[in-house]
Amino acid sequence: MRLADDPVAFDVVDNIAWVRFNRPEKRNCMNPTLNRRMMEVLADLEYRDDVGVLVLSGEGTAWSAGMDLKEYFRESEEKGLGAVRKSQQEAYGWWRRLRWYQKPTIAMVNGWCFGGGYGPLFSCDLAFASHEAQFALSEINWGILPGGGATKVVADLLSMRDAMYHALTGELIDGKKAAEWKLVNESVPLAELKTRVKQVADVLLSKNPVALKATKDALRRVAEMTYDSAEDYLVRAQEAANSFDNEGRKQGIHQFIDEKTYKPGLGAYDK
Ligand code: ACO
């Protein structure tokens, strides 16, 4: 199923897709090859009937050491603006796909998590870290601002004071502090991390999958809405979930394509 040099590894066991950053020798930093491969793997797994929950972790001592400073930054910049924008789109693209993923997602942060790693961390619906994991917005340590959404992630999840301290100092925090700051849901000893994540994944697997998708999207959407807009959105989202299979629409296509009894550009189908 996977090659030793594949930058993304995965297994599907008991309806859980265990996806792993797989560049342990480079502390799982994200280069363009990894970003392209991650998009493929996510796409392949998203609608599989045997996948109900996706867990993202890292091989070796890192979850992800952020963006690959050599390949993602330096080498793209040497090729020019077009290459820079392409690399950004590849990275942001899979983070966005993961943010709105069909199945619930859990970040299992087993080790180092830096900078650009906060993008996929936030994309995952839930996050569990080991006590031993180490997090930092290290951008300030090499002279850039936390881009690629990282600033937005800490502004959304942390208090203003903690976010500001974290971004301005670049200091490491461990998994316990990350849980205290609500960057992750919980932290547990590394030896117990997979067991705890499996326990949570099994809870999710016992729920209605349409309701899970509607709920996770609703939580992200309403955060940006007024109360009244949220109320309206939630009524409509629930009704959309209730009528997921819209027969009338199928009839409309059938009468145009197969029966050729009407033209949608000129009138309505026969109900
Ligand atoms: N970009 C490019 N290469 C990296 C990165 C990275 N982000 N992180 C690690 N590597 C490479 C190292 O250059 C080294 O390569 P080499 O074996 O060819 O020399 C290899 O991975 C192993 O790294 P070490 O530093 O030897 O590993 P160690 O376990 O001692 O340290 C640590 C781990 C602390 C994660 C260190 O590698 C590090 O500081 N990495 C950079 C973290 C960072 O600040 N990332 C950028 C965040 S900002 C952003 O993402 C936009």
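Note that ligands are numbered from 1 as they come in the structure, with each ligand's atoms numbered from 1 the same way. Model, not experiment: these values are computed from the prediction.
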- Message: Please confirm whether the ring centroid of W181 lies under 6.0 Å from the ring centroid of F135.
- Response: no

- Message: Strictly below 4.0 Å, N to O, side chains only: are K177 and E180 in salt-bridge contact?
- Response: yes

- Item | For the student: nearest non-hydrogen atoms of S123 and R220, plus distance | O-NH2, 2.8 Å

- Member of W112, Y118, F21, F128 meeting the ring-ring contact (aromatic ring centres under 6.0 Å, His included) criterion with W63: F21

- For ligand 1, does Y72 get within less than 4.0 Å through its side chain, its backbone, both, or neither, judged by non-hydrogen atoms? neither

- Item | For atom 38 (C) of ligand 1, closest protein heavy-atom neighbour | F114 CE1, 4.9 Å

- Query: So, are D44 and R48 salt-bridged, with charged N and O less than 4.0 Å apart?
  - Reply: no

- Query: N/O to N/O below 3.5 Å, does that happen between I144 and ligand 1?
  - Reply: no

- Query: Where is the nearest protein heavy atom to atom 41 (C) of ligand 1: which residue, which atom, and how far?
  - Reply: A65 O, 4.4 Å

- Message: Closer than 4.0 Å and a protein heavy atom, does any atom meet both conditions relative to atom 27 (O) of ligand 1?
- Response: yes

- Would you mind listing which atoms of ligand 1 come within a distance below 4.0 Å of any non-hydrogen atom of S138? 43 (C), 44 (O), 45 (N), 46 (C), 47 (C)

- Task: Could you find the nearest protein heavy atom to atom 29 (O) of ligand 1 and give me its residue, atom name and distance?
- Result: R27 NE, 2.9 Å

- Item | Polar side-chain atom of N110 near backbone of G60 as donor-acceptor pair, under 3.5 Å | yes

- Looking only at heavy atoms of D68, does any of them come nearer than 4.0 Å to an atom of ligand 1? yes

- Message: If the threshold is 4.0 Å, N to carboxylate O, is there a salt bridge linking E77 and R74?
- Response: no

- Message: If you scan the protein for heavy atoms around atom 35 (C) of ligand 1, do you find one that is closer than 4.0 Å?
- Response: yes

- Task: Do me a favour and list the nearest non-hydrogen protein atom to atom 33 (C) of ligand 1 with residue, atom name and distance?
- Result: W112 NE1, 3.7 Å

- Can you sort out which atoms of ligand 1 are near F73, meaning under 4.0 Å from one of its heavy atoms? 51 (C)

- Item | Face-on cation placement of R27 at F114 ring, 6.0 Å and 45° thresholds | no

- With E46, the salt bridge (Lys or Arg N to Asp or Glu O under 4.0 Å) member among K103, R97, K213: R97

- Message: Please list the nearest protein heavy atom to atom 9 (C) of ligand 1 with its residue and the distance rounded to 0.1 Å.
- Response: K26 O, 3.6 Å

- Message: Side chains of N31 and E71: any donor to acceptor distance under 3.5 Å?
- Response: yes

- Message: Do the side chains of D11 and R20 get close enough for a salt bridge, i.e. N-O under 4.0 angstrom?
- Response: yes

- Task: Could you tell me the residue and atom name of the protein heavy atom closest to atom 5 (C) of ligand 1, and the distance to it rounded to 0.1 Å?
- Result: C29 SG, 3.7 Å

- Message: Show the atoms of ligand 1 that are less than 4.0 angstrom away from any heavy atom in E139.
- Response: 48 (S), 49 (C), 51 (C)

- Any atoms of ligand 1 less than 4.0 Å from a non-hydrogen atom of G66? List them with their elements. 50 (O)

- Note on the structure: Quick note on ligand 1: atoms under 4.0 Å from a heavy atom of E25 include exactly 20 (C), 21 (O), 22 (C)

- Message: For atom 50 (O) of ligand 1, tell me which residue out of M67, Q134, R23 has the closest non-hydrogen atom.
- Response: M67

- Message: Tell me whether the NZ or CZ atom of K216 lies within the 45° cone about the ring axis of W100 and under 6.0 Å from its centre.
- Response: no

- Give the residue, atom name and distance (to 0.1 Å) of the protein heavy atom nearest atom 49 (C) of ligand 1. G116 N, 3.5 Å

- Message: Is atom 13 (O) of ligand 1 near the protein, in the sense that some protein heavy atom lies at less than 4.0 Å from it?
- Response: no

- Is the closest protein non-hydrogen atom to atom 19 (O) of ligand 1 under 4.0 Å? no

- Flag the pair D6 and R37 as a salt bridge only when some basic side-chain nitrogen lies within less than 4.0 angstrom of an acidic carboxylate oxygen. yes

- Task: Establish whether atom 43 (C) of ligand 1 and some protein heavy atom are separated by less than 4.0 angstrom.
- Result: yes

- Nearest protein heavy-atom contact for atom 1 (N) of ligand 1: which residue, which atom, what distance? L69 N, 2.9 Å

